[in-house]
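Below you'll find the structure, written out as structure tokens, and then a few comments.
In what follows, every chain begins at residue 1, and chains take the letters A, B, ... in the order their sequences are listed.
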Amino acid sequence: MKIFGSISFKIWIYFSSILFISSAIVIYYFPNQQKQSILKYRGNELTELSRTIALGVELSLDVNDFQKLNKSLGYYRNKKSEFDFLVVTQKKSDSEKEEIFSQISDSVKFNFYAIDTSKYLIKSAVFSTQIMNGKVIIGLSKNRVNNEVQKTNLPIYIALVFIFLITVILFYVVARNVSAPINVVIYNAKLLQEEKYELFNIEQKKSTDEISQLQNALINLKDSLLLQKLENKNLLENLEDKITERTENLNLTLLKLKEAQDIAELGYYSFYKNLDRFTFSENLEEKLLIKTSEAKKLEYLKSLIDKEYINEFETNFTKQTTEPFSIEVKTLLPDTITGTFKWFAINGKYYKDKQTETDYLSGTIQEITIRKNAEAELRKLSQAVKNSFNSIIITDLNQKITWINDSVLKLTEYSREEIIGNTPKMFQSSETDLETKKIIRESLIARKSFKTEILNVTKNGNKYWLELYIQPIFSERGVAEGFMAVEIDITERKEKDKLILQYISEIESKQKEIVTANESLEIKVADKTRDLEFSILQIQKSQEEIVKKEKMATLGVLIAGIAHEVNTPLGAIKASVDNLEHLFSLEFVKAINTISLDDLKQVLALYTKLNVLSTPSTIIQRQNAKNLLSIISENYPEIENAFVLSKELSSIGFESMNVDLIALLETSNYANIIKTVKLLLNIQRSLKTINEGAVKSGKIIRALNVYSHGTDQEQQTQFNLKENIDNIITLLSNKIKYHATVKNNIPENILLKGFEDELSQVWTNIINNALQASNNKCNIVIDYKNENNLHFISICNDGPKIPDIIIDKIFDEFFTTKKRGEGTGLGLNIVKSIVEKHHGKINCISNEKNTIFTINLPVTKI
Amino acid sequence: MAFKKFIIIVVCLLIMGKANNAIAQIAEDLIVIANDIGVSSLTKKQVISYLKGEKNFWEKRKKVLIALPSSKSELATIVARSIYKTSSEGMQKYWLSLVFQGRADPPMFFGSDEETIKFVTSNKGSIGFIRTKNKSQAVDFLIEIKTD
């Protein structure tokens with residue numbers, strides 16, 4: 001280490017480094033330069049050689065002199081270092097590619113076209129003769145050039161290394177010689193530093209060189225230091241005495257300070273913000289429960305502070321300004337004496353540490369819990385007194401008022417200025433009881449507490465009653481200092497007392513009147529009861545009327561559809577009757593006249609057979625006519641009007657050729673026979689239409705009769721549930737038949753006991769509501785089940801959902817979603833009443849897919 | 001008689017054949033001359049072998065010196081065709097190729113029979129071609145071509 005740090009080493013390493021870098025640069029760049037030069041030289045050489053050989057070729061072929069070429073090639077062939085290969089190419093014509101004519105190489109397997117040209121230095125020369133044209137190409141391996149370079153450079157490297165080593169050694173010797181006197185100076189300076197003056201060994205020099213001057217200066221320094229050392233020794237001895245004395249004083253002061261701190265519950269602290277570290281006086285550590293080093297961080301202090309004061313605390317501790325601050329904070333540390341939390345007053349200011357150049361906060365922390373609690377208590381009391389509804393007056397011993405609260409101003413109507421300095425007598429009036437005045441006076445003189453009631457007047461002359469509590473005020477030493485009066489306004493109470501007395505006398509007289517009135521009241525109650533019973537009967541009747549009206553309203557809604565339903569079959573009947581009349585009046589008589597008795601037999605036989613067949617549809621008739629036309633045309637070419645005949649045959653029920661048709665066509669009068677049979681079938685179809693129309697009309701009329709046969713049904717009857725609901729479906733068929741379906745899944749044998757017409761009204765309302773809500777476009781399914789001795793009839797439709805917001809109201813009286821005038825809002829309410837009248841229940845659930853009304857009725861014994 | 005004539009003709013032809021063998025030529029109007037090559041006669045195959053550079057030495061280890069007609073010579077085409085089976089240019093290219101390969105010493109080319117005779121007569125181990133008409137100028141150097 002000494003060697004590496006010495007001056008000689010520093011000088012030596014400086015020069016050696018420069019030398020080393022220079023040598024390195026030379027070694028790095030020189031071989032490249034050398035290589036480039038040799039490559040250039042070799043390239044030129046190869047170019048010349050290729051030109052010479054090309055010239056030789058030209059001579060050989062033009063002048064027939066092969067000797068020179070052979071001689072020169074022999075020369076180069078013997079000196080193989082000149083090239084690695086020689087290739088002569090021949091170009092037979094301009095368009096053709098050159099081909100190898102001859103080649104010279106060490107390798108037998110040499111292939112000019114396969115070599116890596118980047119590894120060779122290749123030069124060529126063109127020759128041109130009458131016999132052939134081509135190129136002489138000569139190549140030299142770059143590896144050989146590199147070897148050549150290495151061989152050339154090796155002695156240079158050796159020389160360089162040798163020069164480098166010699167120079168380094170020389171530099172070292174020079175550096176040592178130069179640094180020797182400096183080392184002596186350094187060594188002796190170190191001795192002076194270590195105060196080893198006896199080992200100091202430099203003699204005064206007369207020479208004027210820098211080293212000698214330095215050595216002389218060092219000798220002077222040694223003398224000065226020796227002198228200074230002596231002086232310091234004396235000074236130190238005095239200083240020690242003074243420090244001892246000062247330390248004792250300081251310790252004494254510190255002790256006193258600590259005592260003062262303990263008494264004042266005050267401590268000091270320092271806070272280094274950059275280190276987040278506090279230092280506290282011992283008493284503070286105890287107070288703030290600081291036991292670990294972690295507790296000396298700002299975060300710990302924050303954790304002790306009540307959240308209301310944290311911001312103020314943190315701002316002052318982190319703002320880092322030179323302005324001093326003073327805050328009072330409430331902590332979360334419990335105070336065992338008062339049962340509250342501890343309070344601290346914190347003062348501080350930021351200073352700069354001169355040694356470390358860092359800012360730190362220094363200040364004091366004092367516990368002020370007792371003061372704060374006292375202040376709080378005082379504040380509460382003060383507020384209580386100030387804001388009391390009672391008037392409070394404080395006087396001195398001469399009864400001069402020194403303090404009043406706001407209630408006094410309000411009560412007396414005087415201003416504060418008018419009252420302060422006056423005596424309470426200013427509020428008394430001529431009507432104030434003299435006895436009371438006397439009691440007050442005596443109690444004040446005796447310094448006793450007392451309570452009394454007194455009549456005073458306001459500034460404006462209004463009288464008021466007070467309940468007065470007067471109490472003397474004593475100092476800490478028990479000396480009376482004044483009086484405090486608490487006055488409660490009892491004017492209202494006094495007036496009420498007066499009124500109560502009046503009321504009591506009035507009540508007594510009234511009691512007597514009540515006894516007599518009671519007797520007549522009982523008679524009146526009996527009369528009212530009778531009136532009420534009559535009213536109830538009236539209401540019941542009204543309800544029944546409403547139900548009846550609602551039913552009639554529903555019937556009115558249904559009647560248009562029913563009329564249409566009845567009108568349709570009646571129309572069909574009318575048309576059929578007209579048809580029959582026409583047939584019988586004209587065509588039938590004519591037809592009978594055209595046929596013989598034998599034909600008539602055939603007519604009847606055909607009619608009997610075809611009668612049983614149902615009339616085929618128009619499309620089938622057309623198809624049949626087509627088939628028959630082709631059959632007739634084929635088998636009976638003599639029949640002229642085959643097309644009309646096939647249509648006639650198909651209309652009376654023939655489909656294809658059969659025995660009856662053959663027999664018919666064999667008959668000469670077949671046209672009249674067919675016409676007569678068709679006529680008979682027409683008559684039969686008209687009669688069938690009349691029958692169906694009459695049945696349908698009858699069914700509707702029956703259903704209508706069942707629905708409307710009256711609301712006066714007084715007794716329950718037994719009826720078939722399926723038939724009852726089917727009637728309703730019939731009545732509503734005009735609404736249902738186009739876009740709606742109603743599927744009645746109720747079993748055939750379900751018998752119900754109840755008011756049939758009223759229950760009809762239930763089904764009508766529910767089904768009709770579903771159709772109306774869906775604009776007659778929904779599918780209704782009616783199901784039945786018997787469970788727990790209850791009939792469950794569910795009517796489910798896939799129409800629009802009943803909104804959640806109204807589903808609970810649909811059974812309410814007068815609730816309707818229909819336009820004004822379209823609905824009474826009583827339909828479902830009456831439905832519910834009817835179901836409840838049968839001791840049953842009805843409910844409705846509705847979702848996006850279905851709306852289901854479920855009615856359960858108790859099974860009653862039939 | 002006729003048979004006799006036939007016999008005579010055959011005998012004459014045989015005699016003539018024997019006589020032609022003795023003076024066989026490499027080609028028409030072309031004879032071979034050589035100087036001290038150790039033999040007085042060569043087969044055509046041997047001549048071609050020496051002249052193609054396939055053999056560089058005579059039997060007595062004497063170096064073969066070849067004299068060929070230059071492109072200016074009228075004999076060049078005849079020699080090239082009969083010996084090298086190529087044209088006069090082809091013959092030169094043939095020799096150029098051999099020279100590059102270093103397989104043989106190149107021949108000397110002469111524009112006239114006189115130059116050829118002069119070269120052959122003054123260089124031992126040399127061999128060349130001349131026209132038959134100039135045979136008399138190199139009587140001592142004539143080489144007999146034997147049949148193979």
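Between A:Tyr120 and A:Phe85, the ring center distance clears the sub-6.0 Å criterion.
If you measure heavy-atom distances from A:Leu61 to chain B, the contacts under 4.5 Å come from both the backbone and the side chain. A:Gln90 touches chain B through its side chain: at least one heavy atom from C-beta onward sits under 4.5 Å away, while N, CA, C and O do not.
Here the side chain of B:Asp29 pairs a donor or acceptor atom with the backbone of B:Thr132 at under 3.5 angstrom.
Here the options are B:Tyr94, B:Phe109, B:Trp95, the test is ring-ring contact (aromatic ring centres under 6.0 Å, His included), and the partner is A:Phe66; only B:Phe109 passes.
Under 4.0 Å is where a charged nitrogen must lie from a carboxylate oxygen, and between B:Lys118 and B:Glu115 no such pair does.
The candidate from B:Glu89, B:Gln101, B:Gln92 with the greatest count of non-hydrogen atom pairs under 4.5 Å with chain A is B:Gln92. Note on A:Leu86, A:Leu69, A:Thr129: by heavy-atom pairs under 4.5 Å with chain B, the leading option is A:Leu69.
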